[in-house]
Amino acid sequence: MRSTLKDAVIGIVPALRDRVYDIHPPDGIQDASYAVLTLGEEVWKSAWAGYRQVIRLKLYGERSSLAAGKIVRVLSDHFSMKAKIS
């Protein structure tokens, strides 16, 4: 599941290729922009929907990094469109 989620994030924002990390980034990271993917608890929603997995995607970047701003914009646009479609 983790690798599928990473692939989905990279598909949305290709600039994050090789920059999506599990739980925490490696020590001494030099990338201006990166993401940390964490799978949280499963939450019971209803008998019809069952359990939902909580997924946290944290984006990191320098304020001056144009790539960080672009990543936030692309993800925001992507998930805004998904919410309108659903």
Undergrad: Yes or no on side-chain contact (heavy atoms from CB on, under 4.5 Å) for Val36 and Thr38, after CA distance, side-chain angles and deciding distance?
TA: CA-CA 7 Å; Val36 175; Thr38 308; 4.1 Å; yes
Undergrad: Within a reach of under 6.0 Å around CZ of Arg17, are more than 12 heavy atoms found that belong to other residues, nucleotides or ligands?
TA: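 Not buried by this count: 12 neighbours or fewer within 6.0 Å.
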Undergrad: Measure the CG-CG distance between Leu37 and Leu59 for me, rounded to the nearest 0.5 Å.
TA: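 It is 10.5 Å, given to the nearest 0.5 Å.
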Undergrad: Give the C-alpha distance, both sets of side-chain angles, the deciding distance and a yes or no for side-chain contact (heavy atoms from CB on, under 4.5 Å) between Val43 and Val54.
TA: CA-CA 7 Å; Val43 178; Val54 175; 3.6 Å; yes
Undergrad: Assess whether side-chain contact (heavy atoms from CB on, under 4.5 Å) is satisfied between Arg2 and Leu39, documenting all intermediate values.
TA: CA-CA 8 Å; Arg2 217 176 262 280; Leu39 298 180; 4.0 Å; yes
Undergrad: Hey, could you give me the OH/CG distance between Tyr34 and Asp18, rounded to the nearest 0.5 Å?
TA: 15.5 Å
Undergrad: Which salt bridge (charged side-chain N to carboxylate O under 4.0 Å, His left out) pairs, counting each pair once, include a residue from residues 6-15, with sequence neighbours left out?
TA: Lys6-Asp22
Undergrad: Which residues pass the side-chain contact (heavy atoms from CB on, under 4.5 Å) test with Ser46, sequence neighbours left out?
TA: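 Here the qualifying residues are Trp48, Ala49.
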Undergrad: What orientation do Trp44 and Tyr51 show, parallel under 30°, tilted 30 to 60°, or perpendicular over 60°?
TA: perpendicular
